[in-house]
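Notes to accompany the following structure.
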Amino acid sequence: MIADSNTTTEKIQDLANSHGFDMVGFTSADPFENSKDFIVQRVDEGLLSGLSWFTKERVERGSNPKNILKDAKSIISLGLSYYTIKPKHNTDTINGKIAMYAWGDDYHRIFERKIKDFIADLKQLTSEETNTYWYTDTGPMSDRAVAQRAGVGWFGKNTNILTDKGSWVVLAQIITNLDLEESPVSKKHCGTCTMCIDVCPTNAIIGAGILDNNKCISYLTIENKGPIPMELRSKMGNWIFGCDICQDVCPVNRKQALGNAYNDFSQKDSERVSPDLISLLKISEDSFRKRFAKSPVLRAKVDGMKRNVCVALGNIKNPSTVEPLSEALIKDSALVRGHAAWALGQIKTDSAIQSLASRKKLEKDPWVLKEIELALNS
Ligand code: SF4
Ligand code: SF4
């Protein structure tokens, strides 16, 4: 279906703005050959090996919009800024850190609501025959590659899309059979800046725009369901869900304004931003679900979160945490017990060593036993 491209594109831009999207851009539905080759190379190099579902076949499929919508002609790229103000937290407790995008409601829910309303109005504006298929980080398409080609922003060396409104941005795209005018691609780039590369604690950014996902704290604390590699644990600080370090230092984020969906992303409850680690270590599965209802944090699952908490406590090294860690070493799942052992080995007070030695006599799981032995010998 061919629409009167110029005016239709402008009207759609206005419509998207009126629906509260902070960024809007348009690109053709031509295949994304460059980004396909780039991502396939990263898969071949094993930089995404922790994500078993991230296969070359998936990349191939997602690189051609016509594989997803047969009569695709254009893609509308949409962005929402999730930048928000951090609530004050209780300084009497030992706290962890959660990445900013996860402070409020899950952005998939926020986008879903907005995109469905937008598409209903888009059909009214164009035709009921307008076909659409949309993703927000939920399918095989690279939302960042789409955003870059649609002029929403440019690729930073930290692999994020940097926009004129900062990099605290979540993205979505609508593939459509409308024939729309393409937005100009941004000519901006990072120049000689290397701040994100220099500051990354795990050296996960191995080159300009190249991320070793297996070393990134975001992957380690969220998608990774197994043990965290021992050599990376001491570099993770008190991040327990995601990591914002390479965005915090980025100069494009120095002047930051609140986005249109601020109310959805903002958070008044400091326990969803800088949680008390001890209460999180003791939390039941049911309470975890209730406490993080509608939050992306649920993705870590309760055992993954407790594992992350143990690593944070091992880095904080506060002797007052020996007791709850010793309890976790007895009561929790093998994944949590192993990381509790590591944390106790880092704290290494007499009572921490005593807990490890007592548990060593009873522990049946070979991996946990090895963690206990390493902790005792560290
Ligand atoms: Fe490094 Fe954190 Fe950025 Fe990952 S999110 S690349 S660990 S600074
Ligand atoms: Fe680019 Fe510097 Fe931002 Fe890294 S910190 S993404 S190099 S501008």
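The figures that follow rest on heavy atoms only: side chains count, while hydrogens, waters and symmetry mates do not. All ligand and atom numbering here is 1-based and tracks the order in the structure. What you see is a predicted model; the values in this text were computed from it and never measured.
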Going by heavy atoms in the side chains, are [X] and [Y] under 4.5 Å from each other?
X: Asp276; Y: Asn95; value: yes
X: Leu329; Y: Val336; value: no
X: Met236; Y: Pro201; value: no
X: Ile222; Y: Pro296; value: no
X: Tyr135; Y: Pro140; value: yes

In the protein, which heavy atom is nearest to [atom], and how far is it?
atom: atom 4 (Fe) of ligand 1; value: Cys216 SG, 2.4 Å
atom: atom 1 (Fe) of ligand 1; value: Cys200 SG, 2.3 Å
atom: atom 3 (Fe) of ligand 1; value: Cys246 SG, 2.4 Å
atom: atom 2 (Fe) of ligand 1; value: Cys243 SG, 2.3 Å
atom: atom 6 (S) of ligand 1; value: Leu211 CD1, 3.5 Å

Show me which atoms of ligand 2 lie under 4.0 Å from any heavy atom of [X].
X: Cys196; value: 4 (Fe), 5 (S), 6 (S), 7 (S)
X: Lys157; value: 1 (Fe), 6 (S), 7 (S)
X: Asn158; value: 6 (S)
X: Pro251; value: 2 (Fe), 3 (Fe), 5 (S), 8 (S)

> How about Trp134 and His108: are their ring centres within less than 6.0 Å of each other?
Replying inline: no
>> Ring centroids only, cut at 6.0 angstrom: are Phe265 and Tyr107 within range, meaning strictly under it?
In response: no
>> Under 3.5 Å, is there a donor on one side chain and an acceptor on the other for Ser358 and Ser355?
In response: no
> Are there more than 12 heavy atoms of other residues, nucleotides or ligands under 6.0 Å from atom CG of Asn67?
Replying inline: yes
Under 4.0 Å from a heavy atom of [X]: which atoms of ligand 1 are those, numbered in the order shown and with their elements?
X: Ile245; value: 8 (S)
X: Ile205; value: 6 (S)
X: Thr202; value: 7 (S)

> Between atom 2 (Fe) of ligand 2 and Cys193, is there an N, O or S atom separated by less than 2.8 Å?
Replying inline: yes
> Which is it for Ile217 and ligand 1 at heavy atoms under 4.0 Å: side chain, backbone, both or neither?
Replying inline: both
> For ligand 1, is any non-hydrogen atom under 4.0 Å from Val199's backbone (N, CA, C, O), its side chain (CB onward), both, or neither?
Replying inline: neither
>> If the contact criterion is a heavy-atom separation under 4.0 Å, does Val252 count as touching ligand 2?
In response: no
> Which pair of non-hydrogen atoms, one from Leu325 and one from Cys310, has the smallest distance, and what is that distance?
Replying inline: CD2-SG, 3.9 Å
